[in-house]
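Notes for the one structure printed next.
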2 protein chains.
Amino acid sequence: MALRPGDQIVHKAAWLYYTHGLRQDEIARRLEISRASVAMYLRKARETGIVTIAASTELFASDVLARKLEDRFGLDGVWIADGSAFPDPEAEIPSLAASVFLSMVGSGQRVGVAWGRTVYAIADAMTFADLKDVTVVQLCGNLGAPYSYRPDQCTMEIARRLNAKGLNFYAPLILSTEALATALRAEPVIREQLAGVGECDMALFSVGFADEDAHVVKCGAVTAAELRALRRQGAVGVIAGQMIDADGAPLDCEYNRRCISADLTDFRAIPKRLMVVQEEAKLEPLRAALAGRFATHLVLSRTIAQALIDSPAGQAG
Amino acid sequence: MALRPGDQIVHKAAWLYYTHGLRQDEIARRLEISRASVAMYLRKARETGIVTIAASTELFASDVLARKLEDRFGLDGVWIADGSAFPDPEAEIPSLAASVFLSMVGSGQRVGVAWGRTVYAIADAMTFADLKDVTVVQLCGNLGAPYSYRPDQCTMEIARRLNAKGLNFYAPLILSTEALATALRAEPVIREQLAGVGECDMALFSVGFADEDAHVVKCGAVTAAELRALRRQGAVGVIAGQMIDADGAPLDCEYNRRCISADLTDFRAIPKRLMVVQEEAKLEPLRAALAGRFATHLVLSRTIAQALIDSPAGQAG
DNA sequence: CAATCGTCCTGAATAATGTCAGCCAGGAGG
DNA sequence: CCTCCTGGCTGACATTATTCAGGACGATTG
């Protein structure tokens, strides 16, 4: 808590520049250092979250299509990335999602984080912030080692950016037998962590494919054949590692019972649940997730948003 | 909610510049406008809170003296302005307080605001922010017309800066008889507003002098003679227009009963209560306010903080 | 104790940004 | 139909910020 002496001057420069609007040369004079150092300190201040710069996401929320989606699916907020703020379309959804996320978290909160390529990209696009007393908890177990978007990495990276405490989950996502999964869930450390899900103020997650491209397949937790079987049983999407059917109900299957992850009923009790969908092809899982009312807030691309509106009303909303 | 077409381009420019880090000339090229316009839009975006720039207040909180005050008076946060971030010592406390305040409010919250020179100065120093669903409520009745720091002005100004809804109090602060005050308190509009105090998530206030310099005297609500009498009865400070004694208890006096303002017990039920003390001479009222546990968070100058530590332990902490 | 390394700093050149007088289009009023 | 006015935009220029090669200083090591 006590500032390192080297950081003090960074804070001071940042304060004078951003709060009082002094010019860099004035600051240099007052602090008796060179102008170049001031510029350097200011960059450091921005990079470490000593100063926070946030642009409004209003642009993406103020849109008829967004309003329609809110009404149709009973969502509290929808943001649509349409590539009109172009640079690098790949980066747009993650950085929009990161901004929306940051505008939703506040000091003192507890946020649950799932995992996946999308969540990792969001973590990566997130600016550093200087929040107080924030806890980031991992919503599901871990994948085997040599996989790049590991759940614990998502959690830790977001925690780092928010200047928050990260709570990792010390269990694999998928176990080989139901019995082992049950036993592990009963372990105090794990039970506590699972119970903690209900205390989150918000959640950040995406929805995954339930097909051969699913992360759980790619990382070897499930074979392609097993997944095809699950699909025949009705799996259409994956939320926090668990299979859901087209109505958004957790699939009653052996796979889900082998899975160590947030209970989806507890999950739905979290007041704010931000879902981010990046891939154009995820219409089916997305519809399932919405039918299951997993999200209260949604970030997606214009094309998939349009597809959602065009698709038949079905069981949702 | 639907952006005015003229604002859309401002949002877009702000997004590209601050979120994606493009240069102004790139943005100009993409948006097919001149670079000068981009610079102008960006200024507008900063001025209207489309982009928010906040510097950490850590510098002022990380200090042994602040820690000591927290321990001694059981406060959740203390910030000390010591003039080391110099420009214009007059402006330092208000802008620090404004930054602290902004870091404490979040979207969806309800904040109560008292009044006074200090609160007005804070409102004035506050940057514009782009919060959602915030309500700013006035904590006490209004003063007579031709006075410059009117409670309703404080409320409305802060509401304006936060992009929030302001709820004014349609009653005078002081009435001429107890009977009238009682009758007025029973009016539905007023009763509702008074009841609303308990629902606030945070409060912003200062503590006033209980002497001839008090605002209530200057603005003519109370005569100097009346105030001397109150002082003899034990009044040492003023919180939201009401007299408190050295122990921080509301003074049981006719004046307080004529006063339309937040019930101080309800007030203390607000979870976060930020008190700001600007004047060096306010040691006595400050001690009273702390003894009464009105504040959970405190912003003050180094000299008065030091005086507080040096003063005998008394009944506080 | 000198050599080596790393860190933090600076001056000067380069790049980016802020400003302002003036221009243009469109609306109101004569 | 012209004139004036307003608001929004621009080009050119002045100001301000960033960068980077190199220098100073202190710590570490052989």
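A note on names: the letters A, B, ... follow the listed sequences, proteins ahead of strands, and every chain is numbered from 1.
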Under the ring-ring contact (aromatic ring centres under 6.0 Å, His included) rule, collect the residues that match up with B:Phe205, sequence neighbours excluded. B:Phe267
Hey, what do you get for CD (A:Gln138) to CG (A:Asn168), rounding to the nearest 0.5 Å? 5.0 Å
Atom-to-atom span, CD1 of A:Ile27 to P of C:dC9 - whole angstrom: 15 Å
Considering every strand and a 4.0 Å limit on heavy-atom distances, what is the contact class for A:Leu42: base, sugar-phosphate, or nothing? nothing
When you measure from the side chain of B:Arg46, which nucleotide among C:dG11, C:dG18, D:dT16 comes out closest? C:dG18
By ring-ring contact (aromatic ring centres under 6.0 Å, His included), A:Phe169 pairs with (sequence neighbours left out) none
Separation of D:dG11 P from B:Asp25 CG (nearest whole Å): 13 Å
Look at the aromatic rings of A:His297 and A:Trp79 and report parallel, tilted or perpendicular, splitting at 30° and 60°. parallel
CZ of B:Arg23 versus C1' of D:dA17: gap in Å, rounded? 13 Å
Whole-Å distance, B:Ile9 CD1 to D:dG8 P, equals 13 Å
Can you tell me how far C1' of D:dG7 sits from NZ of B:Lys44, to the nearest Å? 10 Å
Tell me every residue that passes side-chain contact (heavy atoms from CB on, under 4.5 Å) with A:Ser103, counting only those two or more places apart in sequence or in another chain. none
Which stems, defined as runs of 3 or more consecutive Watson-Crick or G-U wobble pairs with both pairing distances under 3.5 Å, involve DNA chain C? C:1-30 with D:1-30
Within this structure, what is the CG-to-P distance between A:Leu31 and C:dC8, rounded to whole angstrom? 17 Å
Side-chain N,O (B:Ser37) to OP1/OP2 (D:dT10) below 4.0 Å: yes
Say you draw a straight line from CG of B:Leu298 to CG of B:Leu69; how long is it, rounded to the nearest 0.5 Å? 7.0 Å
Counting primed atoms, P, OP1 and OP2 as sugar-phosphate and everything else as base, the B/S/- map of nucleotides 19-27 of chain D against protein heavy atoms under 4.0 Å is B--------
Counting any heavy atom closer than 4.0 Å, what does B:Gln24 reach on the DNA or RNA strands: base, sugar-phosphate only, or nothing? sugar-phosphate
Which whole-number value in Å describes the distance from A:Leu22 CG to D:dT15 C1'? 16 Å
Hey, what do you get for CE (A:Met156) to CG (A:Leu167), rounding to the nearest 0.5 Å? 9.0 Å
Does OP1 or OP2 of C:dC9 have a side-chain N or O of A:Tyr41 closer than 4.0 Å? yes
Using the salt bridge (charged side-chain N to carboxylate O under 4.0 Å, His left out) rule, take B:Asp133 and B:Arg110 through it: C-alpha gap first, then chi angles, then the decisive distance, then the call. CA-CA 8 Å; B:Asp133 302 317; B:Arg110 187 184 176 91; over 6 Å; no
A:Tyr17, nearest nucleotide to its side chain (from C:dC9, D:dA17, C:dT17): D:dA17
In chain order, what residues pass the side-chain hydrogen bond (donor to acceptor under 3.5 Å, both in side chains) check against A:Asp25, with sequence neighbours excluded? A:Arg23
Protein-nucleotide distance (B:Ile33, atom CD1; D:dG8, atom P), rounded to Å: 14 Å
